[in-house]
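A note on names: the letters A, B, ... follow the listed sequences, proteins ahead of strands, and every chain is numbered from 1.
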Number of protein chains: 2
Amino acid sequence: MQASSHILKRLKERGHRFTKTRGLLLELLLKSPEPLSALDLQKAFSRSGTTVAKTTVYREFAFLMKEKVIRELDFGDSIKRYEIMPDNHHHHIMCVNCRKIEEVVLEKDLDSEEKMIAKNKQFKILNHSLEFFGLCAKCQ
Amino acid sequence: MQASSHILKRLKERGHRFTKTRGLLLELLLKSPEPLSALDLQKAFSRSGTTVAKTTVYREFAFLMKEKVIRELDFGDSIKRYEIMPDNHHHHIMCVNCRKIEEVVLEKDLDSEEKMIAKNKQFKILNHSLEFFGLCAKCQ
DNA sequence: TTGACAAACGCAACTGAGTTGCATTAATAT
DNA sequence: ATATTAATGCAACTCAGTTGCGTTTGTCAA
């Protein structure tokens with residue numbers, strides 16, 4: 001029983017197929033300590049002794065986004081990265097030198113700020129993106 | 001006396017040239033209520049009755065970034081946008097429908113959070129990016 | 001188990017933001 | 001006025017991501 005089973009089960013209940021590629025891609029995302037790009041995933045497939053077309057990876061990202069299984073992250077380097085949709089609300093910090101990414105949890109969330117903005121700007125806020133940039137222990 | 005004069009003066013003091021393109025580009029950035037992309041700027045040049053090569057716009061962005069006259073913003077749509085380096089620390093909210101961007105100022109800044117992260121993660125934090133996404137008054 | 005059907009896949013060609021090489025133009029110092 | 005070199009323009013390029021289309025494969029019903 002792989003860690004991705006319950007997700008695959010959920011997808012199947014919604015009428016989607018259980019393929020080898022989808023299973024492995026989810027496994028790899030689940031066990032990665034860092035968000036992964038399309039290229040990262042192709043490399044991970046390679047290391048697992050398989051291959052996957054980049055088209056498939058991008059389409060799978062789109063599919064899993066639609067199903068809200070993963071979420072997209074943007075670190076400003078024009079490479080989209082993805083992680084399994086987290087239970088705990090967290091953000092990230094990326095080392096601007098070696099690109100290492102770690103999760104960070106704020107002491108206070110941004111809910112009250114969002115309410116204030118919604119009120120002042122008459123925007124209906126749907127989400128936000130907050131990423132920190134700096135130098136990791138090794139790179140400073 | 002244009003609004004960009006003091007910036008051009010500052011650049012000149014550092015040994016850089018005062019060109020028509022640089023002057024107009026700064027004028028346009030200064031008077032824009034929203035951050036601008038390279039394409040936005042080319043269009044704005046057009047409306048001013050001039051033209052500019054996209055290469056020039058990108059190189060000018062790089063130059064002005066190096067001189068810390070502007071800063072780069074990322075709203076996750078793989079288009080870099082730029083705004084004059086602000087005095088007041090602010091973030092932005094973008095309408096996911098019509099792409100309208102407005103400035104927002106937090107009630108509490110993220111300094112204490114940054115200190116906490118720096119301590120816990122042993123990162124030296126250099127900066128952060130925080131953008132909100134939602135629907136503006138017209139689009140909801 | 002088999003056959004049908006559509007979801008999932010792979011390959012090649014494409015898109016579009018941003019970059020690079022190189023020749024030309026023009027701002028500044030002397 | 002002239003020399004120097006920063007700034008500019010054009011064309012070709014890069015690279016992450018997308019699209020078209022023909023093929024494979026998971027699923028379901030007979």
Item to check | Residues within residues 49-60 of chain B bordering DNA chain C, heavy-atom distance below 4.0 Å | outcome: Lys54(B), Thr55(B), Tyr58(B), Arg59(B)
Checklist entry - Quick one: ring-ring contact (aromatic ring centres under 6.0 Å, His included) pairs with a partner in residues 94-119 of chain B, sequence neighbours left out? => result none
For residues 106-116 of chain A, which side-chain donor-acceptor pairs fall under 3.5 Å, sequence neighbours excluded?
unit_1    : atom_1 : unit_2    : atom_2 : d
Asp109(A) : OD1    : Asp111(A) : N      : 3.0
Glu113(A) : OE1    : Glu107(B) : N      : 2.9
Glu113(A) : OE2    : Glu107(B) : N      : 3.2
Glu113(A) : OE2    : Lys108(B) : N      : 3.0
Glu114(A) : OE2    : His128(A) : ND1    : 2.6

Using atom names, set out every protein N or O paired with an N or O of nucleotides 27-30 of chain D below 3.5 Å, distance rounded to 0.1 Å.
unit_1  : atom_1 : unit_2   : atom_2 : d
dT27(D) : OP1    : Phe18(A) : N      : 2.9

Would you be so kind as to tabulate the donor-acceptor pairs closer than 3.5 Å made by side chains of residues 58-65 of chain A, with sequence neighbours excluded?
unit_1   : atom_1 : unit_2   : atom_2 : d
Glu60(A) : OE1    : Arg22(A) : NH2    : 3.2
Glu60(A) : OE2    : Arg22(A) : NE     : 2.4
Glu60(A) : OE2    : Arg22(A) : NH2    : 3.3

Next on the checklist: Using the salt bridge (charged side-chain N to carboxylate O under 4.0 Å, His left out) criterion, which residues pair with Arg14(A)? Sequence neighbours excluded.
Outcome noted: Glu67(A)
Next on the checklist: In this structure, how many angstroms lie between the P atom of dA16(D) and the CZ atom of Phe61(A), rounded?
Outcome noted: 13 Å
Next on the checklist: Asn88(A): which residues meet the side-chain hydrogen bond (donor to acceptor under 3.5 Å, both in side chains) condition with it, sequence neighbours left out?
Outcome noted: His90(A)
Next on the checklist: Below 4.0 Å from chain B heavy atoms, what is the first contacting nucleotide of DNA chain C and what is the last?
Outcome noted: dA17(C) to dT28(C)
Checklist outcome for this item: The correct set of residues in residues 71-86 of chain B placing a heavy atom under 4.0 Å from DNA chain D is none
Item to check | Glu103(A): salt bridge (charged side-chain N to carboxylate O under 4.0 Å, His left out) partners, not counting sequence neighbours | outcome: none
Item to check | Residues clustering with Val96(A) (ILVMFWY side chains joined when closer than 4.5 Å, directly or via others) | outcome: Leu73(A), Phe75(A), Met94(A), Ile101(A), Phe133(A), Leu135(A), Leu126(B)
Next on the checklist: Output the rounded distance in Å from CD (Gln42(A)) to P (dC15(D)).
Outcome noted: 15 Å
Checklist entry - Which residues satisfy the salt bridge (charged side-chain N to carboxylate O under 4.0 Å, His left out) test with Arg99(A), sequence neighbours excluded? => result Asp77(A)
